[in-house]
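Here the structure is laid out as structure tokens; the discussion comes afterwards.
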Amino acid sequence: MVSNGDDTMEPPEGEIKESMYEKPLDLDDVLVNELGQLGRYQLRIIALVAIPIMMSSFMSEYIFSAAAIPHRCWIPECNETSKEQKYDPTWILNAVPQTSSGFASCRRYALRTFGTKGSLDSCPAKLFDQSKTVGCQGYVYENNNSVVYDFDLGCQDWLRAFAGTLNSIGILLAMPLTGYVSDRFGRRFALVVNVFNLSLFGLVRAFSVNYTMYMILQIVQTTLGAGTFSSAYIFAAELVGPKYRVLTSATLSTIFATGQVILGVVAWLVQPWRYMLMTLHIPGFVIIAYYGVLSESIRWLISKRKFAEAKRVLENVARVNRTQISEKSLQALMTSSESAPKTKSVNSPNLIRSIIRSPILLRRVCTTPVWWITTIFIYYGLSINSTSLSDTIYLNYILTCAIEIPGFYTAVFVLDRLGRKTTISSGFFFSAACNIIFVFIPHSLSVFRLIIFLLGKFGISMVMTSLYLYTSELYPTEFRHSLLAFSSMIGRIGAITAPLTPVLMVYWHGIPSMMFGGMGILSGLLVLTQPETLGTKMPDTLAEAEALGRPESMLQPPS
């Protein structure tokens, strides 16, 4: 140490100033002052978790594998013997009522004369009583690229849509399970196990012999593998410094959107659906190697008092980033963890008891799930409903997913300027306005309808990437993954109902969009009730989480 002429001492280069130790040292301090907030090590981690994040988007493949297929009644009187007959023969309107979209899917004209038959080439109208319709005995389909064809689900839209609902129920069940595994056994273990399960059961589902097997494997796959994104997100976000946290969040969300675009391209190019599932899931088994490649999260190691391993990882970060971490910083980091409040001790209080004892945390836990329900409901609802915008379902889906990317990076520029609350509430309100406007645009203005639809997805995409960040910043390290997983789990109520929204258009075409708009307005207002986290350090303890919004929670810039 060297005296600077007053009562303080200047530290040698590479050490944190003595004034920093007036408060307990945490990982954010070390990242800002010594290791680097976004160096080569962090970039390597982000590159590695990019593959699992893209794969996590493949869970939405039910949009294509269980897609609705145009179908009509099977007409045995015209010598049709199976569902493989031509979908639109020249005589079809003699036997099936005409509709605005072509011809009826679930009704046909009653037979006028029994014992008389037509042929596949000629089936005259005189055979049918066109004043009376009856239900179908079987169905003929336009194509075979869906479980609807394989398992003969014609006119069973609610049953078909239930595949998406089961997918979301599985994700709901996965969130607390993944949160527990991640907080108990580590981020790395949770990530590898989730990706392995996602790939294994996705591959097995490609060999489903009936719809029951397909649906059972759907819920098993998501229950045991849907924690892939949250595991990968936490893994990357916990090692990035405050300055680049927003950029990292947007980048991870962009990677997810890229995965969705890849899903749309694969579904378009690889048909039928069984081959699509194989193509999507077989590469995932490579991720098993990650267990030997990735180092465990430093924050998790410190919170579990695995100091020796945490020290090795910190030294490796410094080596890869070509920086240095002083022995004094290492010692202070471990010491501050050892002397932290009892919430970080081995006998830490029960999570539920901690929430009940903290009115601030209780209000937060009651509010954040509502944001998640709304965001996920609108986000997935718009993706699912995009396939009904026109006949080009693959292109519609790809465009709806691609528009998320500018939405994510718009959030990057806005979050650190206007703050988390303004960005998220504005995103909710903007998306809500677009969805409500969309209801009243005539179908003839197809291009304008598409633009407004995409703008609605743009707005909710700003919210989606911001919400992971904002929720992570509102909760302390020890409970962060569990409470993030809880919010996401409750949010799956939105995902459970989203696949059913296209069926509601049978009653009125505007029902889904009006639901999206109403919920967006409600959540936009609720965001304004929580503290701003711009410029604050990520809380490690419950006390720090409760102090958010107060002066003591603000980051002190290095001297």
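The first residue of the sequence shown is numbered 1, and numbering continues consecutively from there. Below, all heavy atoms of this structure are taken into account, side chains as well, without hydrogens, waters or symmetry copies.
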| task | Give the intermediate values and the outcome of side chain to side chain contact (heavy atoms under 4.5 Å, CB included) for residues K311 and E327. | result | CA-CA 10 Å; K311 181 178 179 180; E327 188 64 33; 3.4 Å; yes
Notebook entry, point to check: Does the side chain to side chain contact (heavy atoms under 4.5 Å, CB included) test come out yes or no for I521 and F428, once each step is laid out?
Noted result: CA-CA 6 Å; I521 292 172; F428 275 129; over 6 Å; no
Steps toward side-chain hydrogen bond (donor to acceptor under 3.5 Å, both in side chains) verdict (Y380, S168)
CA-CA 10 Å; Y380 285 107; S168 301; over 6 Å; no
Exercise for the section: Might you work through the side chain to side chain contact (heavy atoms under 4.5 Å, CB included) test for R420 and S466, ending with a clear yes or no? Expected result: CA-CA 7 Å; R420 281 49 162 162; S466 306; over 6 Å; no
**Request:** Go through the steps to decide whether V266 and F58 satisfy the test side chain to side chain contact (heavy atoms under 4.5 Å, CB included), and finish with yes or no.
**Result:** CA-CA 10 Å; V266 171; F58 297 166; over 6 Å; no
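Partner of L173 under the side-chain contact (heavy atoms from CB on, under 4.5 Å) criterion, out of T178, V220, T223: T223 alone. When the options L526, V463, T375 are evaluated for a side-chain contact (heavy atoms from CB on, under 4.5 Å) with I424, the one that passes is V463. Checked options F377, Y470, Y379; the residue passing with W371 is Y470 (criterion: ring-ring contact (aromatic ring centres under 6.0 Å, His included)).
Residues A226 and A174 come closest through the heavy atom pair CB-CB, 3.8 Å. The two residues A190 and S231 have their closest heavy-atom pair at CB-OG, 3.7 Å. Residue Y233 comes nearest to S472 through the heavy atom pair CE2-OG, 3.8 Å, listed as atom of the first residue, atom of the second, then distance. Residue W372 comes nearest to L484 through the heavy atom pair CZ2-CD1, 3.7 Å, listed as atom of the first residue, atom of the second, then distance. Taking both residues in full, the closest heavy atoms of P499 and Y62 are given as CG-OH, 3.8 Å, listed atom of the first, atom of the second, then distance. The shortest heavy-atom contact between V313 and E296 is CG1-O, 4.1 Å.
To the nearest 0.5 Å, the span separating CD1 on I490 from OG1 on T368 amounts to 9.5 Å. The distance from the CD1 atom of I373 to the CD1 atom of I378 is 11.5 Å, given to the nearest 0.5 Å. Atom NZ of residue K421 and atom OG of residue S425 lie 8.5 Å apart, to the nearest 0.5 angstrom. For the atom pair OG of S295 and CD1 of I45, the computed distance is 6.5 Å after rounding to the nearest 0.5 Å. Between T248 atom OG1 and L239 atom CG the span is 9.5 Å, to the nearest 0.5 Å. Remark: S461 OG to I403 CD1 distance equals 8.0 Å, nearest 0.5 Å.
Annotation: side chain of L224 is not in contact with side chain of V193 (no heavy-atom distance under 4.5 Å). Residues M462 and E404 fail the side-chain proximity criterion, which asks for heavy atoms closer than 4.5 Å. For the pair E34 and T323, the minimum side-chain heavy-atom distance is 4.5 Å or more. Side-chain contact between L191 and R187 is absent, with no heavy atoms from C-beta onward closer than 4.5 Å. F486 places a side-chain heavy atom less than 4.5 Å from the side chain of P369. Within the 4.5 Å cutoff, the side chain of Y397 has heavy atoms near those of the L263 side chain. No side-chain heavy atom of Y244 sits under 4.5 Å from any side-chain heavy atom of Q42. F256 is not listed as a side-chain neighbour of L252, based on a closest heavy-atom distance of 4.5 Å or more.
The backbone N or O of A318 sits nowhere less than 3.5 Å from a side-chain atom of R322 that would complete a donor-acceptor pair. For R364 (side chain) and Q530 (main-chain N/O), no donor-acceptor pair under 3.5 Å exists by modelled atom type. Y290 places no side-chain N or O within 3.5 Å of a backbone atom of F189 that could act as its donor or acceptor partner. Panel note: side chain T422, backbone G419; no donor-acceptor pair is recorded below 3.5 Å. R40 places no side-chain N or O within donor-acceptor distance of the main-chain N or O of V320, the cut-off being under 3.5 Å. Put simply, the side chain of N167 gets close to the backbone of M59: a donor and an acceptor are under 3.5 Å apart. The backbone N or O of S182 sits less than 3.5 Å from a side-chain atom of W300, completing a donor-acceptor pair. Using modelled atom types, one side-chain atom of Q221 and one backbone atom of L198 make a donor-acceptor pair closer than 3.5 Å.
K457 and S383 form a side-chain donor-acceptor contact under 3.5 Å, judged by distance and modelled atom types alone. Using modelled atom types, one finds no donor on one side chain facing an acceptor on the other under 3.5 Å when comparing Q260 with S57. Defined by atom type and a distance below 3.5 Å, a donor-acceptor pair is missing between the side-chain atoms of S56 and T228.
For E61, the salt bridge (charged side-chain N to carboxylate O under 4.0 Å, His left out) partners at least two apart in sequence or on another chain are R205.
For the pair R188 and F235, the cation-pi criterion (under 6.0 Å, within 45° of the ring axis) is not fulfilled.
Around CZ of F285, the count of heavy atoms belonging to other residues, nucleotides or ligands within 6.0 Å exceeds 12. Applying the 6.0 Å contact sphere to NZ of K306 captures no more than 12 heavy atoms from other residues, nucleotides or ligands.
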